[in-house]
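These notes concern the structure reproduced below.
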Amino acid sequence: MMLSSEKQALYRLRREQLLAQLEPDAVVILVGNRQQVRNKNIHYAFRQDHDFYYLTGYAEPDAVAILRPECDAPFVLFNQPKDAHQEVWFAQRTGQVGAVEGYGANLAYDIAELEQRLPELMGQRAHLYLADELGRFSHRLVDWLAQQRRSVKFDQPKIFRHLHSVLPYIHASRVIKDSHELALLRQAVHASVSGHKRLMQVAAPGVTELQLHGEFLAEIARHGCNDVGYGNIIATGNNACCLHYEAYRSTLQDGELLLLDAGGDYQYYTADITRTIPVNGKFSGPQRDLYQLVLASLDAAIAIVRPGLGWQHIYPTAMRVLAEGMLDLGILTGSLDEVLEQQLYAPFTLHKTGHWLGLDVHDVGPYHDDAGNWRTLQSNMLFTIEPGLYFPKDCRAVAPQWRGMGVRVEDDILVTPQGCENLSAGAPRTVEQIESLMQNGV
């Protein structure tokens, strides 16, 4: 699929912003993903490397991009050539003409010519910045670094190249979302909200986790998502105490809770939403108490989000609410100060309360600044907040009424100039909203 002129300009701007941070004699090599074999002659659905995609918008396999500041051809793309036979059996290819016309490459060559043309493209440039997460060219790096000084005559200038990772520069940029990214993320969230509503409508005793997995995929497809950003976590009963449960082996039972952690992927950008619902449509007393406590901790954390807030304040805000509630419910004993100081809640909370969100569900980018201090929030940062409580059925540290339950509630939070916006608030989240949808369909 060719990019529109507007999208070509967007990716060009991202490349220019990256190159502006590097030395004038830098060369950046971005390595895209290759098609992976599933079995025999069947491949997995192709997924481009996200850093490569962020800077090029190019989503075909077996491509390498060369970026160079201060030259007439700052973007050179090596990609697969047009091939009529292959395109009959598999997907259409962009080819070299398409790379220039449809993706804004200044020059484009057959990927088979990479090694032949790379010395000329690197030229006298002394700083090599690499993004090759799967190590496709690890065995060639020494030659690339030394090629120039080994190939010239003894009395000619020799370039002693320096190797750097370009990923810190890319990942720092990816933390702040531009308007194009936010539009895609909003659609991913919209589709996922619809998917969660659908699961609340069809969940019932006797339905299987696998059926719900299929229902979610079908619903988000109606909104343009052709994938999920991560394996759906659809976990009934004690399965919810496994944080990344993806087995889909169980049948929903009357009286259990069902944890739904699922996010649709829209044009490479993913949502990440979690709700916990009663299988029979009505929370029991203990289920209601735990759910409302976790929701209260989430809402307390959301309430403090604003530009300038240090990232480190979100987690303790949620934990304080959970600690107070667990004391009130008799799950923990002692004073609040003791619980917080000794982190007596930790065996039941298990994980931190959020992460960046974007191209990756656990999106890239630092949580600390260059001095090692916690990062402060800025407008157009997007992240999750997701407190949880987990009491496995064999947990003897709590009373029987709490055992066999895992409760997590997660929303996707966008930092705005005035504070924040909960993008996923449309997925029923209060006890009343969930029970109304499950029992009455509204």
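Just so you know, residue 1 is the first one in the sequence shown, and it goes up from there.
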What class does the angle between the rings of His244 and His362 fall in, given that below 30° is parallel, 30 to 60° is tilted and above 60° is perpendicular?
perpendicular
Go through the steps to decide whether His351 and Tyr390 satisfy the test ring-ring contact (aromatic ring centres under 6.0 Å, His included), and finish with yes or no.
CA-CA 10 Å; His351 54 78; Tyr390 309 92; 5.5 Å; yes
Between Glu386 and Thr353, does any side-chain donor sit less than 3.5 Å from a side-chain acceptor?
no
Is it the case that atom CG in Asp369 sees more than 12 heavy atoms from other parts of the structure closer than 6.0 Å?
yes
Run the numbers on Asp25 and Arg68 for salt bridge (Lys or Arg N to Asp or Glu O under 4.0 Å), then give the verdict.
CA-CA 8 Å; Asp25 65 343; Arg68 300 174 298 169; over 6 Å; no
Verify the distance criterion only: is there a donor paired with an acceptor across the side chains of Glu435 and Asn440 at less than 3.5 Å?
no
Heavy-atom check, side chain of Glu23 versus side chain of His162, under 4.5 Å:
no
When you measure from the side chain of Ser436 to the backbone N and O of Glu432, does any donor-acceptor pair fall under 3.5 Å?
no
Taking all heavy atoms of Ile385 and all of Pro387, pick out the closest pair and write down the distance.
C-CD, 3.8 Å
Indicate whether any N or O donor in one side chain lies under 3.5 Å from an N or O acceptor in the other, for Thr416 and Glu421.
no
Any side-chain donor paired with an acceptor under 3.5 Å for Tyr269 and Glu181?
yes
Quick check: are there more than 12 heavy atoms from other residues, nucleotides or ligands sitting under 6.0 Å from CZ of Arg38?
no
Looking at Phe75, does the NZ or CZ of Arg12 lie under 6.0 angstrom from its six-membered ring centre and within 45 degrees of the ring axis?
no
Distance-only polar pair, side chains of Tyr129 and Gln21, donor-acceptor under 3.5 Å
no
Donor on one side chain, acceptor on other, His171 and Asp51, under 3.5 Å
yes
Is there a donor in the side chain of Asp272 and an acceptor in the side chain of His355, or the other way round, less than 3.5 Å apart?
yes
Between Leu252 and Leu212 the two heavy atoms that sit nearest each other are CD2-CD1, 3.9 Å
Looking at Val193 and Ala427, what are the two nearest heavy atoms and their distance?
CG1-N, 3.5 Å
Distance from Met200 atom CE to Leu260 atom CG, nearest 0.5 Å?
6.5 Å
Pairs of donor and acceptor atoms involving the side chains of residues 310-329, under 3.5 Å and at least two apart or interchain, shall be tabulated with distances.
{"residue": "Thr317", "atom": "OG1", "partner": "His313", "partner atom": "O", "Å": "2.7"}

Does a donor on one side chain sit under 3.5 Å from an acceptor on the other, for Glu209 and Tyr245?
yes
Are the side chain of Arg408 and the backbone N or O of Leu389 linked by a donor-acceptor pair below 3.5 Å?
no
Does the side-chain hydrogen bond (donor to acceptor under 3.5 Å, both in side chains) test come out yes or no for Tyr248 and Glu246, once each step is laid out?
CA-CA 6 Å; Tyr248 316 132; Glu246 299 175 19; 5.3 Å; no
Which heavy atom of Ile220 sits nearest a heavy atom of Gly264, and at what distance?
CD1-CA, 3.8 Å
Sequence neighbours excluded, every pair satisfying side-chain hydrogen bond (donor to acceptor under 3.5 Å, both in side chains) that has a member inside residues 288-302
Asp299-Arg429
Are side-chain N/O atoms of Tyr230 and Asp360 paired as donor and acceptor at under 3.5 Å?
no
Take Asp394 and Arg403 through the salt bridge (Lys or Arg N to Asp or Glu O under 4.0 Å) test and state the conclusion after the steps.
CA-CA 7 Å; Asp394 59 356; Arg403 297 174 192 167; over 6 Å; no
Say whether Ser424 and Asp412, considering side chains only, have a donor N or O and an acceptor N or O under 3.5 Å apart.
no
Using ring centroids (six-membered ring only for Trp), state whether Tyr11 and Tyr54 fall under 6.0 Å.
no
